[in-house]
Novice: 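Would you mind keeping the following structure in view while I ask a few things?
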Amino acid sequence: MAIVLICIGALITLGIATALLSRLRHDDNTVVLPNKDDCATCDGANDKCNATCLLEAAVNKPEYFDDEELDRFAGREAVSYTEEETEEFREILYTMREDEVPRWLRSLTVRDIQIPASLKSEVMLFV
């Protein structure tokens, strides 16, 4: 019985010593890189990133880009826009920064707003 207790004590001591040594050897100069699938850096090329960000956006409130007036188009088909309505989308698109476009597109999707069909090729140039 004494041998079993000595072995258990030795294992516990060895475990504590190993834990202490690993803490002493830990390098605090570790560089933490941002997650490349972070929604702030999602560029539209990675489908997993887009899907994750879309799910995240669906849980949160939609992000607006001074485009609240577009909410009236919720539920409309992409081919149903007039030229004047398409021009509203185009004006917003060309006044935002290039890195905002993917976030804007996710916001429109969450808000159930489709981009006018005639504008999709221009939007792809930004993405």
Side-chain angles (χ1 to χ4, degrees):
M1 182 71 174
I3 295 176
V4 173
L5 291 177
I6 292 173
C7 288
I8 292 174
L11 286 174
I12 292 173
T13 305
L14 183 61
I16 292 172
T18 304
L20 289 174
L21 284 174
S22 69
R23 278 191 172 233
L24 291 174
R25 290 183 183 176
H26 179 68
D27 186 7
D28 286 335
N29 294 329
T30 305
V31 176
V32 178
L33 298 174
N35 184 358
K36 71 180 209 177
D37 290 339
D38 182 19
C39 291
T41 61
C42 194
D43 62 1
N46 184 337
D47 289 337
K48 181 182 176 213
C49 179
N50 289 336
T52 302
C53 294
L54 186 58
L55 288 173
E56 180 182 306
V59 174
N60 300 326
K61 289 184 176 181
E63 183 177 3
Y64 284 90
F65 295 85
D66 198 23
D67 64 345
E68 293 81 2
E69 69 274 8
L70 297 181
D71 283 343
R72 73 181 191 276
F73 298 124
R76 293 263 307 262
E77 294 292 322
V79 295
S80 69
Y81 293 105
T82 66
E83 187 56 42
E84 293 80 26
E85 293 169 337
T86 301
E87 194 57 40
E88 286 184 57
F89 282 89
R90 186 175 283 117
E91 182 179 327
I92 293 168
L93 174 66
Y94 282 97
T95 57
M96 62 179 44
R97 294 188 324 259
E98 190 173 321
D99 63 308
E100 292 177 324
V101 175
R103 292 185 4 241
W104 179 59
L105 294 174
R106 278 191 296 278
S107 172
L108 292 177
T109 302
V110 168
R111 293 157 50 195
D112 192 28
I113 302 170
Q114 292 187 23
I115 294 285
S118 60
L119 190 62
K120 288 184 179 182
S121 60
E122 292 176 54
V123 168
M124 288 301 134
L125 294 174
F126 284 90
V127 178

Novice: Side chains of Trp104 and Ile115: closer than 4.5 Å at any heavy-atom pair?
Specialist: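 Yes, their side chains come closer than 4.5 Å.
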Novice: Donor-acceptor pairs under 3.5 angstrom involving side-chain atoms of residues 119-127: please list them, not counting sequence neighbours.
Specialist:
unit_1 : atom_1 : unit_2 : atom_2 : d
Glu122 : OE1    : Arg90  : NE     : 3.1
Glu122 : OE1    : Tyr94  : OH     : 2.9
Glu122 : OE2    : Arg90  : NE     : 3.3
Glu122 : OE2    : Arg90  : NH2    : 2.9

Novice: Determine yes or no for a side-chain-to-main-chain donor-acceptor pair under 3.5 angstrom, with Tyr81 supplying the side chain and Gln114 the backbone.
Specialist: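 Such a contact is found between Tyr81 side chain and Gln114 backbone.
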Novice: Considering non-hydrogen atoms only, spot the tightest contact between Ile113 and Leu70 and give its length.
Specialist: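 Taking Ile113 first and Leu70 second, the nearest heavy atoms are CD1-O, 3.3 Å.
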Novice: Surrounding CD of Glu83 (heavy atoms of other residues, nucleotides or ligands, distance under 6.0 Å), is the total greater than 12?
Specialist: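 Yes, enclosed.
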Novice: Go through the structure and list residues passing side chain to side chain contact (heavy atoms under 4.5 Å, CB included) with Glu68, not counting sequence neighbours.
Specialist: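 With sequence neighbours excluded, Glu68 shows a side chain to side chain contact (heavy atoms under 4.5 Å, CB included) to Tyr64, Asp66, given in chain and number order.
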Novice: Tell me which one of Arg103, Arg106, Arg111 satisfies side chain to side chain donor-acceptor pair (under 3.5 Å) with Glu63.
Specialist: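 That would be Arg103; it is the only one of Arg103, Arg106, Arg111 passing the side chain to side chain donor-acceptor pair (under 3.5 Å) with Glu63.
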Novice: Name all residues meeting the side-chain hydrogen bond (donor to acceptor under 3.5 Å, both in side chains) criterion together with Ser80; count only those two or more places apart in sequence or in a different chain, and write none if there are none.
Specialist: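 Partners of Ser80 by the side-chain hydrogen bond (donor to acceptor under 3.5 Å, both in side chains) criterion, ordered by chain and then number, come out as Arg76.
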Novice: Which atoms form the tightest heavy-atom contact between Phe65 and Ser107, and what is the distance?
Specialist: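 That would be CE1-CB, 4.3 Å.
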